[in-house]
Engineer: 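Starting off with a structure, shown below.
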2 protein chains.
Amino acid sequence: MKPTTLKDLSRHLSLSTSTISRALLNHKNIHPETRKRVLEAAEMLGYQPNTTALNLRYGKSKSIGLVVPEMVTPFSANVLKGIQAFLNNIGYKVIILVSDESPDTERDNLTLLERFNVDGIILNLCHETYNQALYAQIMERGTPIVFFDRIPGNALDVSKVIVNDHIQASLMAEHLISTGCKRIVHLMGPPTVRNATERAAGYQRILVKHGIFDPELMVKTHGTTFGHGKEAVKELLKKGIAFDSIFAFTDTLAIGAMNYLLEQGIRVPEEVAICSFSGTELSTSVFPQLSSVEQPLKEMGEAAARLLMDKIQDSSSDSRTLVLDAKLIYRGSTARGSGKH
Amino acid sequence: MKPTTLKDLSRHLSLSTSTISRALLNHKNIHPETRKRVLEAAEMLGYQPNTTALNLRYGKSKSIGLVVPEMVTPFSANVLKGIQAFLNNIGYKVIILVSDESPDTERDNLTLLERFNVDGIILNLCHETYNQALYAQIMERGTPIVFFDRIPGNALDVSKVIVNDHIQASLMAEHLISTGCKRIVHLMGPPTVRNATERAAGYQRILVKHGIFDPELMVKTHGTTFGHGKEAVKELLKKGIAFDSIFAFTDTLAIGAMNYLLEQGIRVPEEVAICSFSGTELSTSVFPQLSSVEQPLKEMGEAAARLLMDKIQDSSSDSRTLVLDAKLIYRGSTARGSGKH
DNA sequence: TTGTTTTGTGGGAACGTTCCCAGCTCTTTG
DNA sequence: CAAAGAGCTGGGAACGTTCCCACAAAACAA
């Protein structure tokens, strides 16, 4: 029942463990005949190298942590896929922890990962500055961190992978305008995450350019749940602020907003067009389906994993920032007869 | 930069590693004064025990695997939370792998976990029988497996945690009938997963009891995605089979079906009421919100983790089956004036 | 032939812990 | 007052690997 070890093979073949090891690892200086015998015996006894022993020997845990703000959306699951596609192949395990949009929980998650002795961490943060000092400490202590999606301020010299939020947000605003929208709300999400301000900036630039920017339509939310989206729109309606479309920071905000509108009997997209920034299956799970900026989530994960491995293999290697291309997908939620003709 | 080890402390305090170890673990036979000195030095030098070394010593990897069929739904994420709530506290890491509803991928995932030397596996399977032999082999080789949600046939003596599918499905059918529904479709999901047949049986029992069972309304789907739900309903409409409500095996099937109906201009719940079996945030992310049987997912995870630890600590301990209580939640998708008055 | 290189093998330290055992000193006991 | 016990400490094996080193035998060079 106990798994076979090198020593078992050693006893069984009357060879030293050194020889066995060399044969198995296909090192030089091993007689072909001996090698064959060892391989056969290993096969027969079902020998599997003990990874824990290897980890101790090499001073690695062969595991990395992934810390994400939420998991009600399949966003993180898609990123995870990319990470695993790259890391599982080379024997790395990934341990995922969810912060529930709370910087304190994020803190707990990070210290837990440190206790787990992970070789590195991939992080999508909750709050741009709150835990910045902790990130620095962890890296100081020798565990590299790579960021994606929501990244920390420039003060921290780290590798990261993002999408071009500004441009994509601009393009989405242009799209709404091209369908005839004039009063475009932006649900911008909390200003404590960089992407929120980036996307808002893109939106604002285009609206200003078209001379239809109105600060009243730029609404900050405290979070990014369905509930936050709903509350924001409820507030707008209560205040009597007119709007003909909504561009939301995330799928969840957009959907929360949309469902409240539908509940109130307001038609989408006829009366209010809606779109968002994301890239998850959620945007196609509602009716009408959401137009959105789709991010290449799997590639994002893969890139982050690659950057992390660079740091793990050579801790003094330069930090790099990867900017991936997102693409706009137009769906039912913004499909109305073009406003211009 | 290198982390402090026992040996470092030993050198620093001119004490043997044995004594240091005893002091740290608070064993008997240690002088209070020595203990204090050791603790202080450990604190000062930032000593953290090396988990890999401990794992080697104790012959464990202190990690378990979680294999789930899908992650587009927050179902698995919720279960994961329960598992982690229990396991992270006692120093266990959990590695999650997704099978994408493919038994072959599930196979790969399981063998990967075995290579990772996990101490145990928690599994929500894709297909009731396909990998049954593999499960047996893995357990034979010493890695316990605990099942939840979708469980294997009775041939396998394993611990598992489920909900009372039959009863809950019956109650949901009764609910639909009480709102006046007479032509109730059941989207039953693939018959290769036990819950599908369980829930279908509950549904059928009630409809037969009320004399409104029609085999035409019992439709098997090949999978459980949005797409499968949509296709099933499309087919029903094409065949001209009349129905006034749908009870779906999962949120995803229900939503896929609902969105197609809405797309066709059919009103929900006025013309067709819809409900499902699940317990995820997905059911409240659509409009109208879905009535559904909500499973206690976090508790499910916690229970599975507990059962797994029992097996890990004593591999000969008896297998147990836990049946948890789900509860019905009525929402907009079935809210129409009661049919009886 | 003798010296040098190549080829193959075994011994054993090292990774960072725990824990058994031996041994020392000091107190208690009959 | 010797014997027994309690309190405390150190030595070192063990967990399962890899890999450096030493060494023997064979192959090659001169």
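Lettering of chains follows the sequences in order, A, B, ..., and the numbering in each one begins at 1.
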Engineer: Applying a 4.0 Å non-hydrogen cut-off, can you work out what B:Gln48 is touching in the nucleic acid: base, sugar-phosphate, or nothing?
Structural biologist: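 Sugar-phosphate: the residue B:Gln48, judged by heavy atoms under 4.0 Å, touches backbone atoms but no base.
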Engineer: Can you find an N or O donor on one side and an acceptor on the other, under 3.5 Å apart, linking the side chain of A:Arg57 with the base of D:dT17?
Structural biologist: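 When only heavy-atom distances are counted, A:Arg57 does not reach the base of D:dT17 through any donor-acceptor pair under 3.5 Å.
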Engineer: Where each residue is assigned the nucleotide of DNA chain D containing its nearest heavy atom, which of B:Ser14 and B:Tyr58 is assigned the position nearer the 5′ end?
Structural biologist: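 Upstream on the strand: B:Ser14.
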Engineer: Need one value for B:Thr52: base, sugar-phosphate or nothing, where a base atom within 4.0 Å counts as base even if backbone is also close, heavy atoms only.
Structural biologist: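 If one applies the 4.0 Å heavy-atom cut-off, B:Thr52 turns out to touch nothing in the nucleic acid.
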Engineer: What is the distance, rounded to the nearest whole Å, between atom CG of B:Leu15 and atom P of D:dG11?
Structural biologist: 11 Å
Engineer: Report the C-alpha distance between B:Tyr47 and B:Leu24 in whole Å, list the side-chain angles of each, state the deciding distance to 0.1 Å, and finish with yes or no for side-chain contact (heavy atoms from CB on, under 4.5 Å).
Structural biologist: CA-CA 10 Å; B:Tyr47 170 75; B:Leu24 258 21; 3.6 Å; yes
Engineer: Measure from the side-chain heavy atoms of B:Tyr47 and tell me the nearest of D:dT18, C:dT17, D:dT9.
Structural biologist: C:dT17
Engineer: Answer yes or no: is there an ion pair linking B:Lys2 with B:Asp8, defined by an N-O contact shorter than 4.0 Å?
Structural biologist: no
Engineer: Would you kindly give the CG-to-C1' distance between B:Asp8 and C:dT17, to the nearest whole Å?
Structural biologist: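 For the pair B:Asp8 CG and C:dT17 C1', the rounded distance is 13 Å.
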Engineer: Is the phosphate of D:dT9, meaning OP1 or OP2, less than 4.0 Å from a side-chain N or O of B:Thr19?
Structural biologist: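 Indeed not, no polar side-chain atom of B:Thr19 lies that close.
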Engineer: So, does the side chain of B:Arg22 form a donor-acceptor pair with the base of D:dG10 at under 3.5 Å?
Structural biologist: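 Answer is yes: a donor-acceptor pair is held.
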Engineer: Is the shortest side-chain N to carboxylate O distance from B:Asp104 to B:Arg107 below 4.0 Å?
Structural biologist: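 Salt bridge flag = no for B:Arg107 with B:Asp104.
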Engineer: Does B:Lys7 put a side-chain nitrogen or oxygen below 4.0 Å from OP1 or OP2 of C:dC15?
Structural biologist: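 True: B:Lys7 side-chain N/O within range (under 4.0 Å) of C:dC15 OP1/OP2.
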Engineer: Evaluate whether atom CG of A:Asp318 has more than 12 neighbouring non-hydrogen atoms of other residues, nucleotides or ligands under 6.0 angstrom away.
Structural biologist: no
Engineer: For the pair made of NZ in B:Lys2 and P in C:dA14, what is the distance, rounded to whole Å?
Structural biologist: 15 Å
Engineer: Starting from the 5' end of DNA chain D, give me the residue, B:His31 or A:Leu25, whose nearest nucleotide shows up first.
Structural biologist: B:His31
Engineer: Let's test your reading of the model: under 3.5 Å, does the base of C:dG11 pair with the side chain of A:Thr17 as donor and acceptor?
Structural biologist: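 Not at all, since no donor on one side and acceptor on the other fall under 3.5 Å apart.
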Engineer: Return no unless some side-chain N or O of B:Thr5 is found under 4.0 Å from OP1 or OP2 of C:dG16.
Structural biologist: no
Engineer: Nearest-Å distance, CG (A:Leu6) to P (C:dC15)?
Structural biologist: 19 Å
Engineer: In whole Å, what is the span from the NZ atom of A:Lys60 to the P atom of D:dT18?
Structural biologist: 16 Å
Engineer: For A:Phe148 and A:Phe75, take the angle between the two ring planes, folded into 0 to 90°, and tell me which bin it lands in: parallel under 30, tilted 30 to 60, perpendicular over 60.
Structural biologist: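 A:Phe148 vs A:Phe75 ring planes: parallel.
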Engineer: Between C1' on C:dT5 and CG on A:Asn29, what's the gap in Å once rounded to a whole number?
Structural biologist: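 It works out to 12 Å between those atoms.
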Engineer: Rounded to whole Å, how long is the line connecting atom NZ of A:Lys28 with atom P of D:dC19?
Structural biologist: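 It is 12 Å, rounded to the nearest whole Å.
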Engineer: Can you see if the side chain of B:Ser18 gets near the phosphate of C:dC20 - specifically, an N or O under 4.0 Å from OP1 or OP2?
Structural biologist: no
Engineer: Taking the side chain of B:Ala53 as its heavy atoms from C-beta onward, which of C:dG11, D:dG10, C:dT17 lies nearest to it?
Structural biologist: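 My answer, after comparing the listed nucleotides, is C:dT17.
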Engineer: Could you tell me whether B:Glu101 and B:Arg150 have a side-chain N and a carboxylate O separated by less than 4.0 Å?
Structural biologist: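 Here B:Glu101 pairs with B:Arg150 in a salt bridge, since their nearest N and O are under 4.0 Å apart.
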Engineer: With a non-hydrogen cut-off below 4.0 angstrom, is A:Ile30 in contact with a base, only sugar-phosphate, or nothing?
Structural biologist: sugar-phosphate
Engineer: Please tell me which of the listed nucleotides, D:dG10, D:dG16, C:dT18, lies nearest to the side chain of B:Leu54?
Structural biologist: C:dT18
Engineer: Just how far, in rounded Å, is C1' of C:dT9 from NE2 of A:His27?
Structural biologist: 15 Å
